Visitor: 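Please read through the structure below; I'll follow up with questions.
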Amino acid sequence: MSKRHDAVFDAVLSGLGDTREKRSAKDGSGTRFLKRGTAISERMSGELEEKTLHWVDPAECRMWDRHNRDYDLLTEDNCRELIDGIRSQGRQEFPAIVRRLNDDGPHAYEVICGARRHFAVSWLRRNNYPQFRYLVDVRDMSDEEAFRLADIENRDREDISDYERAIDYAKAIKLYYDGKQKTMAQRLEVSETWLSRYLGLAKLPAEIVDAFHLKTDIRELHARTLNQIILKPADRKKVFAEAARLRELQEGARAGREAPVDPVRVVSILKAAVTAKPAARPAAKKFAAKSGDAVITAKTRGRAVVLEFPGSASREDLESAFQAFLNDRFK
């Protein structure tokens, strides 16, 4: 194939990827022709959808205030793998999804999906790699569409916590679905049961949430267990008291004074606040008269002590047995 033909194909297929690869012994001009021919066919049949992506300065982007990830929780450590991947590849491979902003000062875009990628590129630019830019796919969508798109992208990712997802769902059901769980489940294409579990996590009282070292430690399964043990006011009071003690321990851990209490242990401690068996009631004690007959039985009932004795006991025996009780009581 002539150079002139190559130039024509390159021009027709511009934007379909890197079509200007050099010929090699294994990939001759005939192969290139077939590949380009296939690309033309896909474009004409509608099987291939083209998108215009943009490389931008991450400083031009801000997080959508309904983003389902807490950007403040992102750190160099928990984004280390992504940072290293972008650096080794020399570029961000997968675009973030953004919306265009108008009249928002230095920000031209709002990030719907891609908070971790934004953090990673920003970190690299601040740390001796100013050449990196943020790859974005600019879309026009409503808030409800943006919510669903972000949810679909992040639903199976382990690096977004159950608690973050639960809080996001709790806000969304009010903002977009008039509080109707069935409608929201249908739009997200999930079961109502599955959705209700996350909404239950979002309802976990702040007193219990604070008992965990990090909010992102709380799992949906933890909430199912804990919500069940605080149904009764008396049990709720016991659990909250134990949660307050745990909160102090976790604050000490965050200050570096001690090790944090892990999530499984937190749940176990809070459960024990209401499931622990009451201390066994002390056995009744018997006090004998000088004659050797046990005539007084002392039983503890709450804060009271009940003395029992046979009606046939003599005054002398009762006085003797009662003195034995007093000697034991106040020894």
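Both backbone and side-chain heavy atoms feed into the values below; hydrogens, waters and symmetry mates do not. Remember, it's a predicted structure, so these values are computed and weren't measured experimentally.
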Visitor: Tell me whether Ile230 is reachable from Leu246 by hopping between hydrophobic residues (I, L, V, M, F, W, Y) whose side-chain heavy atoms are closer than 4.5 Å.
Guide: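 Hydrophobic grouping puts Leu246 with Ile230.
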
Visitor: Using a cut-off of 6.0 Å, state whether more than 12 heavy atoms not belonging to Glu81 lie near its atom CD.
Guide: no

Visitor: Please check this pair: side chain of Asp137 against backbone of Ile97, looking for a donor-acceptor N/O pair closer than 3.5 Å.
Guide: no

Visitor: Looking at Arg315, I'd like to know if its CZ atom is crowded, meaning that more than 12 non-hydrogen atoms belonging to other residues, nucleotides or ligands lie closer than 6.0 Å.
Guide: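 No.
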
Visitor: Can you check whether Thr193's main-chain N or O pairs, donor with acceptor, with Ser196's side chain at less than 3.5 Å?
Guide: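 Between the backbone of Thr193 and the side chain of Ser196 there is a qualifying donor-acceptor contact (under 3.5 Å).
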
Visitor: Would you mind reporting whether Ile173 and Gln181 have side-chain heavy atoms less than 4.5 Å apart?
Guide: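 A side-chain contact under 4.5 Å exists here.
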
Visitor: When you look at Ile112 and Val98, which way does the side chain to side chain contact (heavy atoms under 4.5 Å, CB included) test go after all the steps?
Guide: CA-CA 5 Å; Ile112 306 301; Val98 304; 5.7 Å; no

Visitor: Taking atom types as modelled, is there a side-chain donor on Tyr169 or Asp151 under 3.5 Å from an acceptor on the other?
Guide: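 Judged by distance alone, the side chains do pair up.
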
Visitor: Could you give me the CA-CA distance, side-chain angles and deciding distance for Leu249 and Glu258, then say whether side chain to side chain contact (heavy atoms under 4.5 Å, CB included) is met?
Guide: CA-CA 8 Å; Leu249 293 176; Glu258 52 195 306; 3.6 Å; yes

Visitor: Does Asp143 form a salt bridge (Lys or Arg N to Asp or Glu O under 4.0 Å) with Arg99? I'd like the steps, not just the answer.
Guide: CA-CA 10 Å; Asp143 282 353; Arg99 291 191 295 195; 2.9 Å; yes

Visitor: Can you give me the closest heavy-atom contact between Val121 and Tyr134, atom names plus distance?
Guide: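 Looking at all heavy atoms of both residues, the closest pair is CG1-N, 4.0 Å.
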
Visitor: Using only atom types and a distance under 3.5 Å, with no angle test, would you say the side chain of Ser268 pairs donor to acceptor with the backbone of Val264?
Guide: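 No; zero donor-acceptor contacts below 3.5 Å.
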
Visitor: With sequence neighbours excluded, tell me which residues meet ring pair (Phe, Tyr, Trp, His ring centres under 6.0 Å) with Phe325.
Guide: Phe287, Phe322

Visitor: So if I apply the ring-ring contact (aromatic ring centres under 6.0 Å, His included) rule between His118 and each of Tyr109, Tyr71, Phe132, Trp123, which one comes out positive?
Guide: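 Checked Tyr109, Tyr71, Phe132, Trp123 against His118; only one passes ring-ring contact (aromatic ring centres under 6.0 Å, His included): Tyr71.
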
Visitor: To the nearest 0.5 angstrom, please state how far the CD1 atom of Ile218 sits from the OG atom of Ser161.
Guide: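 So the CD1 of Ile218 and the OG of Ser161 are separated by 8.5 Å.
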
Visitor: With heavy-atom distances below 4.5 Å as the criterion, would you say the side chains of Ile83 and Tyr129 are in contact?
Guide: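 Answer no - side chains too far apart.
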
Visitor: Got a sec: does the CZ of Arg254 have more than 12 other heavy atoms crowding it under 6.0 Å?
Guide: yes

Visitor: So does Glu251 have more than 12 non-hydrogen atoms from other groups sitting under 6.0 Å from CD?
Guide: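 Result for CD/Glu251: enclosed.
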
Visitor: Could you see if Val266 belongs to whatever hydrophobic cluster contains Phe240? Use Ile, Leu, Val, Met, Phe, Trp, Tyr and a side-chain cutoff under 4.5 Å.
Guide: yes

Visitor: Could you give the distance from CG (Asp57) to CZ (Arg133), rounded to the nearest 0.5 Å?
Guide: 6.0 Å

Visitor: Does a sphere of radius 6.0 Å around CZ in Phe309 hold more than 12 heavy atoms from other residues, nucleotides or ligands, not counting ones at 6.0 Å or beyond?
Guide: no

Visitor: With a 4.5 Å cut-off on side-chain heavy atoms, are Tyr176 and Glu145 touching?
Guide: no

Visitor: How many angstroms lie between CD in Gln92 and CG in Leu124, if you round to the nearest 0.5 Å?
Guide: 10.5 Å

Visitor: How far apart are the closest heavy atoms of Lys271 and Ile229, and which atoms are they?
Guide: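 Lys271 and Ile229 have their closest heavy atoms at CA-CD1, 3.8 Å.
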
Visitor: Can a donor-acceptor pair be found, under 3.5 Å and without considering hydrogens, that links the side chain of Asp168 to the backbone of Glu164?
Guide: no

Visitor: Taking Glu60 for the side chain and Ala108 for the main chain, is one N or O donor matched with an acceptor at less than 3.5 Å?
Guide: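 Checking the backbone N and O of Ala108 against the side chain of Glu60, no donor-acceptor pair under 3.5 Å is found.
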
Visitor: What are the two closest non-hydrogen atoms of Pro58 and Ser122, and how far apart are they?
Guide: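 The pair with the smallest heavy-atom distance is CB-OG, 3.4 Å.
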
Visitor: Evaluate the side-chain proximity of Leu307 to Thr297: yes if any heavy-atom separation is below 4.5 Å, no if none is.
Guide: no

Visitor: Can a donor-acceptor pair be found, under 3.5 Å and without considering hydrogens, that links the side chain of Arg116 to the backbone of Cys79?
Guide: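 Looks like no, no N/O pair under 3.5 Å.
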
Visitor: Could you state the interatomic distance from CG (Leu188) to CD1 (Ile152), rounded to the nearest 0.5 Å?
Guide: 8.0 Å

Visitor: I would like to know whether Glu242 and Arg245 meet side chain to side chain contact (heavy atoms under 4.5 Å, CB included); could you show each step before the answer?
Guide: CA-CA 5 Å; Glu242 196 62 29; Arg245 186 183 68 83; 2.6 Å; yes

Visitor: If you count every heavy atom of other residues, nucleotides or ligands that lies below 6.0 Å from Arg265 atom CZ, does the total exceed 12?
Guide: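 Not buried by this count: 12 neighbours or fewer within 6.0 Å.
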
Visitor: For the atom pair CG (Leu201) and CZ (Arg219), what is the distance rounded to the nearest 0.5 Å?
Guide: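 Going from CG on Leu201 over to CZ on Arg219, the span is 10.0 Å.
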
Visitor: Working to the nearest 0.5 angstrom, can you tell me the gap between Glu93 CD and Arg117 CZ?
Guide: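 So the gap between those two atoms works out to 11.5 Å.
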
Visitor: Below 4.5 Å, heavy atoms only, C-beta onward: do Pro260 and Leu214 meet side chain to side chain?
Guide: no

Visitor: Under the 3.5 angstrom rule, does the side chain of Arg125 hit a backbone N or O of Pro130 as a donor-acceptor pair?
Guide: yes

Visitor: After noting the C-alpha distance and the side-chain angles of Arg80 and Asp77, does the key distance pass the salt bridge (Lys or Arg N to Asp or Glu O under 4.0 Å) rule?
Guide: CA-CA 5 Å; Arg80 183 76 264 166; Asp77 288 338; over 6 Å; no

Visitor: Would you mind reporting whether Pro95 and Leu53 have side-chain heavy atoms less than 4.5 Å apart?
Guide: yes

Visitor: Does Thr183 offer a backbone N or O that forms a donor-acceptor pair with the side chain of Gln186 under 3.5 Å?
Guide: no

Visitor: Hey, mind stepping through His213 and Val261 against side chain to side chain contact (heavy atoms under 4.5 Å, CB included) and telling me if it holds?
Guide: CA-CA 7 Å; His213 183 238; Val261 183; over 6 Å; no

Visitor: When you group the ILVMFWY residues by side-chain heavy-atom contacts below 4.5 Å and let the links chain together, are Met184 and Ile167 in the same group?
Guide: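 Not linked; separate clusters.
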
Visitor: Could you state whether Trp64 and Leu135 fall into the same hydrophobic cluster, counting links through intermediate Ile, Leu, Val, Met, Phe, Trp or Tyr residues with side-chain heavy atoms under 4.5 angstrom apart?
Guide: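 Per the 4.5 Å side-chain linkage, Trp64 and Leu135 are not co-clustered.
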
Visitor: So which atom in Ala289 and which in Asp317 form the shortest heavy-atom distance, rounded to 0.1 Å?
Guide: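 Taking Ala289 first and Asp317 second, the nearest heavy atoms are CB-O, 3.3 Å.
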
Visitor: Would you say Asp140 has more than 12 foreign heavy atoms packed within less than 6.0 Å of its CG?
Guide: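 Not buried by this count: 12 neighbours or fewer within 6.0 Å.
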
Visitor: Looking only at atom types and distance, does a side-chain atom of Gln89 sit under 3.5 Å from a main-chain N or O of Arg91, one as donor and one as acceptor?
Guide: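 No; judged by distance alone, with no hydrogens or angles, the pair does not exist.
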
Visitor: Looking only at atom types and distance, does a side-chain atom of Asn78 sit under 3.5 Å from a main-chain N or O of Thr75, one as donor and one as acceptor?
Guide: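 Flag set: sc Asn78 to bb Thr75 pair under 3.5 Å.
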
Visitor: So Glu76 and Asn127, do their side chains get closer than 4.5 Å, heavy atoms only?
Guide: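 No, every pair of side-chain atoms sits at 4.5 Å or beyond.
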
Visitor: Does anything in residues 173-194 form a salt bridge (Lys or Arg N to Asp or Glu O under 4.0 Å)? List the pairs, not counting sequence neighbours.
Guide: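 The answer is Glu144-Arg187.
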
Visitor: Provide the closest heavy-atom pair for Pro263 versus His222 in the form atom of the first, atom of the second, distance.
Guide: CB-CE1, 3.7 Å

Visitor: Within a strict 4.5 Å, meaning less than it, do heavy atoms of the Leu82 and Phe119 side chains meet?
Guide: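 Not touching, per the 4.5 Å side-chain cut-off.
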
Visitor: Following the transitive rule for hydrophobic clusters with a side-chain heavy-atom cut-off under 4.5 Å over Ile, Leu, Val, Met, Phe, Trp and Tyr, establish whether Val56 and Ile86 coincide in one cluster.
Guide: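 Yes; tracing contacts between hydrophobic side chains, which count when under 4.5 Å, links both residues.
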
Visitor: For Lys299 and Ala284, work out which heavy atoms get closest and say how close.
Guide: CG-CB, 3.7 Å

Visitor: What salt bridge (Lys or Arg N to Asp or Glu O under 4.0 Å) pairs are there with at least one residue in residues 228-240, not counting sequence neighbours?
Guide: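 Listed by first then second residue: nothing to list.
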
